[in-house]
Amino acid sequence: MRYVELRSDTMTRPTPTMRKAMAEAEVGDDVFGEDPTVNRLETMAAERLGKAAALFVPSGTMANLISQMVHCGRGEEMILGSLAHSFYYEQGGSAAVASIHPRTVPNQPDGKLSLNELEAAIRSDNIHFPRTRMIALENTHNLCGGVPLEPAYLRAVGDIARGHGIRLHIDGARLFNAAAALGVPARQLAGEADSISFCLSKGLAAPVGSLVCGSSDFIQEARRARKVLGGGMRQAGILAAAGVVALNEMVDRLAEDHANARRLAEGLADISGLVIDPGRYRTNIVYFDVVKSGLSAAELVAALQKEGVRMLASGTHTLRAVTHYEVTAVDIDFTLKAMTNVLR
Ligand code: TLP
(Lines give C-alpha, C1' and ligand atoms only; values in the text may rest on other atoms or scores of the structure.)
Protein backbone atom coordinates (compact mmCIF):
# COMPACT_ATOMS: atom_id res chain seq x y z
CA MET A 1 0.00 0.00 0.00
CA ARG A 2 1.28 3.47 -0.85
CA TYR A 3 1.09 6.04 1.94
CA VAL A 4 1.06 9.79 1.71
CA GLU A 5 3.98 10.28 4.08
CA LEU A 6 3.51 13.46 6.08
CA ARG A 7 5.19 12.51 9.37
CA SER A 8 8.40 14.36 8.54
CA ASP A 9 10.54 15.63 5.68
CA THR A 10 13.22 13.36 7.18
CA MET A 11 11.28 10.51 5.50
CA THR A 12 12.37 11.65 2.04
CA ARG A 13 14.30 9.02 0.12
CA PRO A 14 17.26 9.91 -2.09
CA THR A 15 16.38 10.88 -5.66
CA PRO A 16 17.58 8.73 -8.61
CA THR A 17 20.24 11.38 -9.35
CA MET A 18 21.48 11.11 -5.77
CA ARG A 19 21.71 7.33 -5.94
CA LYS A 20 23.72 7.55 -9.14
CA ALA A 21 26.05 10.21 -7.69
CA MET A 22 26.52 8.08 -4.56
CA ALA A 23 27.39 4.99 -6.58
CA GLU A 24 29.96 6.91 -8.60
CA ALA A 25 31.39 9.14 -5.83
CA GLU A 26 35.13 9.63 -5.62
CA VAL A 27 36.12 8.91 -2.02
CA GLY A 28 39.02 8.96 0.46
CA ASP A 29 39.48 8.97 4.24
CA ASP A 30 37.69 12.07 5.49
CA VAL A 31 39.24 11.89 8.98
CA PHE A 32 42.50 12.60 7.13
CA GLY A 33 40.72 15.33 5.12
CA GLU A 34 41.24 13.24 1.98
CA ASP A 35 37.72 12.65 0.72
CA PRO A 36 37.38 14.86 -2.38
CA THR A 37 33.57 14.66 -2.43
CA VAL A 38 33.25 15.69 1.24
CA ASN A 39 35.71 18.52 0.63
CA ARG A 40 33.67 19.65 -2.36
CA LEU A 41 30.42 19.60 -0.38
CA GLU A 42 32.00 21.55 2.48
CA THR A 43 33.30 24.20 0.08
CA MET A 44 29.88 24.49 -1.58
CA ALA A 45 28.13 24.83 1.80
CA ALA A 46 30.54 27.49 3.08
CA GLU A 47 30.12 29.49 -0.15
CA ARG A 48 26.33 29.23 -0.03
CA LEU A 49 26.22 30.63 3.47
CA GLY A 50 29.01 33.16 3.03
CA LYS A 51 31.25 31.56 5.66
CA ALA A 52 34.96 30.74 5.50
CA ALA A 53 34.56 27.01 6.14
CA ALA A 54 32.13 24.15 6.73
CA LEU A 55 32.11 20.66 8.21
CA PHE A 56 30.05 17.64 7.13
CA VAL A 57 28.53 15.88 10.14
CA PRO A 58 26.17 12.91 10.52
CA SER A 59 23.11 14.75 11.88
CA GLY A 60 21.50 18.03 12.86
CA THR A 61 21.71 16.97 16.49
CA MET A 62 25.47 16.54 16.23
CA ALA A 63 25.84 19.85 14.37
CA ASN A 64 24.12 21.64 17.26
CA LEU A 65 26.10 19.82 19.95
CA ILE A 66 29.42 20.45 18.19
CA SER A 67 28.63 24.17 17.91
CA GLN A 68 27.68 24.34 21.59
CA MET A 69 30.91 22.53 22.57
CA VAL A 70 33.05 24.93 20.59
CA HIS A 71 31.35 28.06 21.95
CA CYS A 72 30.85 27.00 25.58
CA GLY A 73 33.07 25.34 28.16
CA ARG A 74 32.11 23.16 31.12
CA GLY A 75 29.56 24.89 33.38
CA GLU A 76 29.08 27.78 30.98
CA GLU A 77 25.67 28.85 29.79
CA MET A 78 23.83 29.00 26.49
CA ILE A 79 20.55 30.86 26.06
CA LEU A 80 17.92 29.31 23.81
CA GLY A 81 14.19 29.18 23.25
CA SER A 82 11.98 27.05 25.51
CA LEU A 83 10.75 25.26 22.36
CA ALA A 84 14.14 24.97 20.65
CA HIS A 85 14.81 21.56 19.10
CA SER A 86 18.15 21.59 20.95
CA PHE A 87 16.37 22.00 24.27
CA TYR A 88 13.34 19.85 23.58
CA TYR A 89 14.36 16.98 21.33
CA GLU A 90 18.08 16.35 21.77
CA GLN A 91 18.07 14.45 25.05
CA GLY A 92 19.60 17.39 26.88
CA GLY A 93 22.87 16.49 25.15
CA SER A 94 24.38 19.90 25.91
CA ALA A 95 24.19 19.06 29.64
CA ALA A 96 24.53 15.28 29.44
CA VAL A 97 27.52 15.19 27.10
CA ALA A 98 29.10 18.65 27.20
CA SER A 99 28.35 19.96 30.75
CA ILE A 100 26.79 23.11 29.27
CA HIS A 101 24.06 24.81 31.26
CA PRO A 102 20.98 25.63 29.13
CA ARG A 103 19.00 28.74 30.05
CA THR A 104 15.65 29.06 28.29
CA VAL A 105 13.73 32.16 27.31
CA PRO A 106 10.07 31.58 26.27
CA ASN A 107 9.62 31.17 22.53
CA GLN A 108 6.96 33.48 21.16
CA PRO A 109 4.46 31.93 18.71
CA ASP A 110 6.46 33.44 15.82
CA GLY A 111 9.59 31.50 16.86
CA LYS A 112 11.35 34.59 18.21
CA LEU A 113 12.69 35.31 21.67
CA SER A 114 11.74 38.72 23.02
CA LEU A 115 14.81 40.94 22.65
CA ASN A 116 14.26 42.36 26.14
CA GLU A 117 13.98 38.93 27.73
CA LEU A 118 16.95 37.70 25.77
CA GLU A 119 19.18 40.56 26.86
CA ALA A 120 17.97 40.28 30.47
CA ALA A 121 18.94 36.59 30.50
CA ILE A 122 22.61 37.35 29.76
CA ARG A 123 24.52 37.00 33.02
CA SER A 124 26.54 39.75 34.58
CA ASP A 125 30.01 39.08 35.94
CA ASN A 126 29.22 37.63 39.35
CA ILE A 127 30.84 34.73 41.18
CA HIS A 128 27.42 33.10 41.68
CA PHE A 129 26.56 32.90 37.99
CA PRO A 130 27.64 30.70 35.16
CA ARG A 131 29.15 32.67 32.30
CA THR A 132 26.86 33.20 29.30
CA ARG A 133 28.76 32.22 26.15
CA MET A 134 26.18 31.66 23.47
CA ILE A 135 22.68 32.40 22.16
CA ALA A 136 20.98 29.85 19.90
CA LEU A 137 18.14 30.55 17.47
CA GLU A 138 16.23 28.12 15.22
CA ASN A 139 15.31 28.98 11.61
CA THR A 140 12.78 27.81 10.55
CA HIS A 141 11.35 27.10 13.98
CA ASN A 142 9.99 23.58 14.03
CA LEU A 143 7.78 23.54 17.15
CA CYS A 144 6.49 27.06 16.42
CA GLY A 145 5.04 25.86 13.12
CA GLY A 146 7.98 26.11 10.73
CA VAL A 147 8.04 29.90 10.96
CA PRO A 148 11.01 31.70 9.37
CA LEU A 149 13.03 34.34 11.25
CA GLU A 150 13.67 37.35 9.04
CA PRO A 151 16.99 39.21 8.58
CA ALA A 152 15.98 42.26 10.67
CA TYR A 153 15.32 40.10 13.74
CA LEU A 154 18.55 38.15 13.22
CA ARG A 155 20.42 41.46 13.04
CA ALA A 156 18.88 42.62 16.31
CA VAL A 157 19.92 39.38 18.05
CA GLY A 158 23.37 39.59 16.44
CA ASP A 159 23.77 43.12 17.84
CA ILE A 160 22.90 41.91 21.34
CA ALA A 161 25.32 38.99 21.11
CA ARG A 162 28.16 41.18 19.83
CA GLY A 163 27.43 43.85 22.40
CA HIS A 164 27.96 41.29 25.16
CA GLY A 165 30.87 39.47 23.52
CA ILE A 166 28.95 36.20 23.20
CA ARG A 167 28.43 33.91 20.22
CA LEU A 168 25.33 33.35 18.10
CA HIS A 169 24.54 29.86 16.78
CA ILE A 170 21.67 29.26 14.37
CA ASP A 171 20.09 25.82 14.09
CA GLY A 172 19.14 26.13 10.45
CA ALA A 173 17.98 22.54 10.01
CA ARG A 174 15.47 24.00 7.51
CA LEU A 175 17.37 27.18 6.65
CA PHE A 176 16.67 26.86 2.91
CA ASN A 177 12.94 26.65 3.67
CA ALA A 178 13.27 29.93 5.58
CA ALA A 179 15.14 31.50 2.67
CA ALA A 180 12.50 30.32 0.17
CA ALA A 181 9.63 31.59 2.32
CA LEU A 182 11.24 34.98 2.87
CA GLY A 183 12.52 35.31 -0.70
CA VAL A 184 16.10 36.03 0.41
CA PRO A 185 19.35 34.14 -0.24
CA ALA A 186 20.29 31.75 2.59
CA ARG A 187 23.52 33.68 3.17
CA GLN A 188 21.44 36.68 4.22
CA LEU A 189 20.08 34.57 7.08
CA ALA A 190 23.58 33.44 8.06
CA GLY A 191 25.44 36.76 8.24
CA GLU A 192 24.98 37.34 11.97
CA ALA A 193 25.80 33.79 13.02
CA ASP A 194 29.17 32.72 14.41
CA SER A 195 28.05 29.20 13.55
CA ILE A 196 25.11 27.93 11.52
CA SER A 197 23.98 24.42 10.69
CA PHE A 198 21.63 23.06 8.05
CA CYS A 199 20.34 19.58 7.29
CA LEU A 200 20.64 17.78 3.97
CA SER A 201 18.40 14.95 5.16
CA LYS A 202 15.13 16.86 5.54
CA GLY A 203 13.44 18.75 2.69
CA LEU A 204 16.62 18.54 0.59
CA ALA A 205 16.09 14.75 0.48
CA ALA A 206 19.63 13.47 0.97
CA PRO A 207 19.76 10.26 3.02
CA VAL A 208 22.15 11.45 5.75
CA GLY A 209 24.01 14.49 6.94
CA SER A 210 24.19 18.10 8.01
CA LEU A 211 26.69 20.90 7.54
CA VAL A 212 27.93 23.28 10.17
CA CYS A 213 29.48 26.49 8.85
CA GLY A 214 31.57 29.25 10.41
CA SER A 215 35.04 30.80 10.53
CA SER A 216 38.14 28.71 9.81
CA ASP A 217 39.08 28.73 13.52
CA PHE A 218 35.58 27.63 14.49
CA ILE A 219 35.61 24.77 11.97
CA GLN A 220 39.04 23.60 13.13
CA GLU A 221 37.68 23.25 16.67
CA ALA A 222 34.42 21.78 15.36
CA ARG A 223 36.45 19.08 13.60
CA ARG A 224 37.98 18.09 16.95
CA ALA A 225 34.54 18.04 18.61
CA ARG A 226 33.12 15.90 15.79
CA LYS A 227 35.91 13.37 16.33
CA VAL A 228 35.36 13.04 20.09
CA LEU A 229 31.63 12.53 19.50
CA GLY A 230 32.42 9.66 17.15
CA GLY A 231 31.30 11.60 14.10
CA GLY A 232 34.52 11.27 12.11
CA MET A 233 33.43 9.23 9.12
CA ARG A 234 35.80 7.65 6.63
CA GLN A 235 34.74 7.28 2.96
CA ALA A 236 31.88 9.67 3.68
CA GLY A 237 31.97 10.93 0.08
CA ILE A 238 29.32 8.30 -0.68
CA LEU A 239 26.98 10.33 1.54
CA ALA A 240 28.36 13.74 0.62
CA ALA A 241 27.69 12.99 -3.07
CA ALA A 242 23.96 13.00 -2.31
CA GLY A 243 24.47 16.27 -0.44
CA VAL A 244 26.05 17.89 -3.51
CA VAL A 245 22.99 16.90 -5.56
CA ALA A 246 20.73 18.17 -2.74
CA LEU A 247 22.33 21.63 -2.87
CA ASN A 248 22.35 21.74 -6.67
CA GLU A 249 18.87 20.37 -7.38
CA MET A 250 16.61 20.40 -4.34
CA VAL A 251 16.83 23.95 -2.98
CA ASP A 252 14.98 25.82 -5.71
CA ARG A 253 11.90 23.57 -5.52
CA LEU A 254 11.14 24.09 -1.79
CA ALA A 255 8.47 26.70 -2.57
CA GLU A 256 6.36 23.84 -3.99
CA ASP A 257 6.39 22.16 -0.58
CA HIS A 258 5.29 25.43 1.00
CA ALA A 259 2.41 25.78 -1.45
CA ASN A 260 1.32 22.21 -0.67
CA ALA A 261 1.52 22.86 3.08
CA ARG A 262 -0.65 25.94 2.61
CA ARG A 263 -3.14 23.93 0.51
CA LEU A 264 -3.27 21.35 3.29
CA ALA A 265 -3.67 23.95 6.06
CA GLU A 266 -6.49 25.71 4.22
CA GLY A 267 -8.25 22.40 3.51
CA LEU A 268 -7.94 21.27 7.13
CA ALA A 269 -9.42 24.59 8.30
CA ASP A 270 -12.63 23.70 6.41
CA ILE A 271 -13.03 20.32 8.13
CA SER A 272 -15.25 20.38 11.18
CA GLY A 273 -13.59 19.05 14.33
CA LEU A 274 -10.18 20.48 13.44
CA VAL A 275 -8.78 23.80 14.63
CA ILE A 276 -6.04 25.50 12.65
CA ASP A 277 -5.08 29.04 11.70
CA PRO A 278 -3.87 28.40 8.14
CA GLY A 279 -2.34 31.88 7.76
CA ARG A 280 0.38 30.95 10.29
CA TYR A 281 1.99 28.33 8.09
CA ARG A 282 4.55 29.77 5.73
CA THR A 283 6.85 26.83 5.09
CA ASN A 284 6.45 23.03 5.00
CA ILE A 285 5.29 22.28 8.57
CA VAL A 286 1.64 22.37 9.66
CA TYR A 287 0.23 21.71 13.16
CA PHE A 288 -3.45 21.45 14.01
CA ASP A 289 -5.61 20.74 17.02
CA VAL A 290 -8.03 17.81 16.99
CA VAL A 291 -9.64 18.12 20.44
CA LYS A 292 -13.04 19.11 19.02
CA SER A 293 -13.15 15.97 16.86
CA GLY A 294 -13.65 13.83 19.97
CA LEU A 295 -10.60 11.75 19.00
CA SER A 296 -7.16 11.85 20.54
CA ALA A 297 -4.20 12.60 18.28
CA ALA A 298 -3.12 8.94 18.50
CA GLU A 299 -6.59 7.68 17.52
CA LEU A 300 -6.76 10.03 14.56
CA VAL A 301 -3.26 9.04 13.42
CA ALA A 302 -4.28 5.35 13.54
CA ALA A 303 -7.48 6.00 11.58
CA LEU A 304 -5.64 8.05 8.94
CA GLN A 305 -3.02 5.36 8.54
CA LYS A 306 -5.80 2.93 7.53
CA GLU A 307 -6.81 5.44 4.81
CA GLY A 308 -3.25 5.62 3.46
CA VAL A 309 -2.06 8.82 5.15
CA ARG A 310 0.66 9.11 7.76
CA MET A 311 0.88 12.05 10.16
CA LEU A 312 2.58 12.48 13.52
CA ALA A 313 0.84 12.87 16.89
CA SER A 314 2.92 15.74 18.28
CA GLY A 315 0.83 16.13 21.44
CA THR A 316 -2.24 14.48 22.99
CA HIS A 317 -4.50 16.54 20.76
CA THR A 318 -2.11 17.95 18.20
CA LEU A 319 -1.06 16.50 14.86
CA ARG A 320 1.85 17.52 12.67
CA ALA A 321 2.06 17.18 8.89
CA VAL A 322 5.21 18.04 6.92
CA THR A 323 5.34 18.36 3.13
CA HIS A 324 8.33 17.44 0.94
CA TYR A 325 9.23 16.44 -2.60
CA GLU A 326 7.47 13.06 -2.41
CA VAL A 327 4.13 14.74 -1.63
CA THR A 328 2.19 16.26 -4.54
CA ALA A 329 -0.85 18.55 -4.69
CA VAL A 330 -2.89 15.46 -5.64
CA ASP A 331 -1.63 13.77 -2.46
CA ILE A 332 -2.81 16.76 -0.44
CA ASP A 333 -6.31 16.46 -1.93
CA PHE A 334 -6.24 12.72 -1.18
CA THR A 335 -5.20 13.54 2.41
CA LEU A 336 -8.05 16.01 2.86
CA LYS A 337 -10.55 13.42 1.58
CA ALA A 338 -9.11 10.81 3.94
CA MET A 339 -9.42 13.23 6.85
CA THR A 340 -13.02 14.03 5.95
CA ASN A 341 -13.86 10.29 5.76
CA VAL A 342 -12.26 9.58 9.11
CA LEU A 343 -14.06 12.43 10.89
CA ARG A 344 -17.43 11.86 9.22
N1 TLP B 1 13.69 17.23 13.67
C2 TLP B 1 12.93 15.99 13.51
C3 TLP B 1 12.54 15.42 14.86
O4 TLP B 1 13.65 15.29 15.68
C5 TLP B 1 11.50 16.21 15.59
C6 TLP B 1 11.70 16.27 12.69
O7 TLP B 1 11.09 15.29 12.22
O8 TLP B 1 11.33 17.45 12.53
N9 TLP B 1 17.00 20.94 14.47
C10 TLP B 1 15.71 20.97 14.07
C11 TLP B 1 15.01 22.27 13.99
C12 TLP B 1 15.05 19.77 13.73
O13 TLP B 1 13.78 19.81 13.35
C14 TLP B 1 15.76 18.55 13.81
C15 TLP B 1 15.09 17.22 13.49
C16 TLP B 1 17.09 18.58 14.21
C17 TLP B 1 17.69 19.80 14.55
C18 TLP B 1 17.92 17.33 14.39
O19 TLP B 1 18.28 16.78 13.17
P20 TLP B 1 18.73 15.22 13.10
O21 TLP B 1 17.45 14.44 13.11
O22 TLP B 1 19.46 15.16 11.80
O23 TLP B 1 19.59 14.95 14.27
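These numbers were taken from a predicted model, which means no experiment stands behind them. Both counts, for ligands and for their atoms, begin at 1 and track the order of listing.
- Ion pairing of R226 with D30 is present here, as a side-chain N (NZ or NE/NH1/NH2) and a carboxylate O approach within less than 4.0 Å.
- Between R282 and D110 there is no salt bridge, since no side-chain N of the basic residue sits under 4.0 Å from a carboxylate O of the acidic one.
- Residue nearest to atom 21 (O) of ligand 1, selected from E90, R174, K202: K202 (by heavy-atom distance).
- Residue-ligand proximity, T61 to ligand 1, at heavy-atom distances under 4.0 Å covers atoms 18 (C), 19 (O), 20 (P), 23 (O).
- Look at E5 and R13 and you find no salt bridge, because none of the NZ, NE, NH1 or NH2 atoms lies under 4.0 Å from a carboxylate O.
- Residue-to-ligand polar distances place N142 within reach of ligand 1: an N/O pair is separated by less than 3.5 Å.
- By the 4.5 Å heavy-atom criterion applied to side chains, Y89 and T61 are not counted as neighbours.
- Between G60 and ligand 1, a contact under 3.5 Å exists for at least one N or O pair.
- Between R103 and T132 the shortest side-chain heavy-atom distance does not fall below 4.5 Å.
- Salt-bridge formation is detected for the pair E150/K112: a Lys NZ or Arg NE/NH1/NH2 atom is positioned less than 4.0 Å from an Asp or Glu carboxylate oxygen.
- Counting only heavy atoms of the protein, atom 7 (O) of ligand 1 lies nearest to S8 OG, 2.7 Å.
- Nearest approach of D159 to E192, heavy atoms of both residues: N-OE1, 4.3 Å.
- Distances below 4.0 Å separate heavy atoms of E138 from the following atoms of ligand 1: 11 (C).
- Less than 4.0 angstrom separates some heavy atom of R320 from each of these atoms of ligand 1: 6 (C), 7 (O), 8 (O).
- Annotation: atom 9 (N) of ligand 1 to nearest protein heavy atom, D171 OD2, 2.7 Å.
- The single protein non-hydrogen atom nearest to atom 14 (C) of ligand 1 is H85 NE2, 3.1 Å, given as residue, atom name and distance.
- Of all atoms in ligand 1, numbered sequentially from 1 with element shown, those under 4.0 Å from a heavy atom of S59 are 22 (O), 23 (O).
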